[in-house]
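Notes for the one structure printed next.
Starting from 1, each residue takes its place in the sequence as its number. On a predicted model such as this, the values are computed, not experimentally measured, just so you know.
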Amino acid sequence: ALTVDQELSAKELSLQIDRFLDTLDKENRVIFVRRYWYSDSISDIAEMFQITNHNVSVRLSRTRDKLKAHLKKEGYEI
């Protein structure tokens, strides 16, 4: 069971991730969500957007870097 502090921290982190996702353009946001929320494969995402697997991987890597920077700026230790 989570403590109240842990639950509040999880909610705050979730809010920060939502704020971050709002800063992305629609395509990169959908790519990120399809990969990490729906666990779609890179090849499925590439097919969905008609781009290469490499392009999907690069976009995901850049988005993760931006998320890491956003969370660090908000005071989270990554």
Side-chain angles (χ1 to χ4, degrees):
L2 293 176
T3 67
V4 173
D5 282 348
Q6 288 172 321
E7 233 173 271
L8 287 173
S9 293
K11 283 182 181 168
E12 178 59 29
L13 179 58
S14 179
L15 185 63
Q16 286 301 332
I17 292 171
D18 283 346
R19 284 187 187 140
F20 167 74
L21 291 173
D22 285 344
T23 69
L24 299 175
D25 63 72
K26 184 178 180 186
E27 198 167 282
N28 284 320
R29 181 171 55 245
V30 171
I31 288 171
F32 189 83
V33 169
R34 294 300 318 177
R35 181 69 178 141
Y36 297 112
W37 266 256
Y38 296 101
S39 300
D40 288 357
S41 70
I42 287 177
S43 57
D44 285 347
I45 295 167
E47 196 174 306
M48 192 183 303
F49 287 93
Q50 301 190 342
I51 57 179
T52 65
N53 288 2
H54 178 72
N55 191 288
V56 172
S57 296
V58 167
R59 287 178 184 218
L60 288 169
S61 177
R62 289 179 181 158
T63 302
R64 285 192 310 271
D65 289 345
K66 287 178 187 174
L67 174 58
K68 195 182 283 188
H70 173 82
L71 291 175
K72 199 170 186 180
K73 192 181 92 184
E74 294 299 325
Y76 288 88
E77 286 301 314
I78 308 296

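- In this structure, the side chains of Leu60 and Arg64 come closer than 4.5 Å at one or more pairs of heavy atoms.
- With hydrogens and angles ignored, the 3.5 Å screen pairs a side-chain donor or acceptor of Ser9 with a backbone N or O of Asp5.
- Between Ile51 and the options Val58, Ile31, Ile45, a side chain to side chain contact (heavy atoms under 4.5 Å, CB included) holds for only Ile31.
- By the rule that hydrophobic residues join a cluster once side-chain heavy atoms approach within less than 4.5 Å of another member, Leu13 and Leu8 end up as members of separate clusters.
- Taking the six-membered ring where tryptophan is involved, the planes of His70 and Phe20 are tilted, since the angle between them lies from 30° to 60°.
- Going from atom OG1 of Thr63 over to atom CG of Asp65 covers 8.5 Å, rounded to the nearest 0.5 Å.
- Residue Lys66 holds its NZ atom at 11.0 Å from OG of Ser61, rounded to the nearest 0.5 Å.
- To the nearest 0.5 Å, atoms CH2 (Trp37) and CD1 (Ile17) are separated by 5.0 Å.
- The shortest non-hydrogen separation linking Ser43 to Asn53 is CA-OD1, 3.4 Å.
- At least one cation-pi condition fails for Arg29 and Phe32: the charged atom is not both under 6.0 angstrom from the six-membered ring centre and inside a 45 degree cone around its axis.
- The number of heavy-atom neighbours closer than 6.0 Å to CD of Glu47, taken from other residues, nucleotides and ligands shown, is 12 or below.
- In Gln6, the CD atom is crowded: over 12 heavy atoms of neighbouring residues, nucleotides or ligands sit closer than 6.0 Å.
- Taking the side chain as every heavy atom from C-beta outward, Leu15 and Glu12 approach each other to under 4.5 Å.
- Closest approach of Arg35 to Asp40, counting heavy atoms only: NH1-O, 2.8 Å.
- The closest side-chain donor-acceptor pair between Asp44 and Ser41 falls under 3.5 angstrom.
- Side-chain contact between Phe49 and Asn55 is absent, with no heavy atoms from C-beta onward closer than 4.5 Å.
- Between Glu27 and Arg59 a salt bridge is recorded (basic side-chain N to carboxylate O distance below 4.0 Å).
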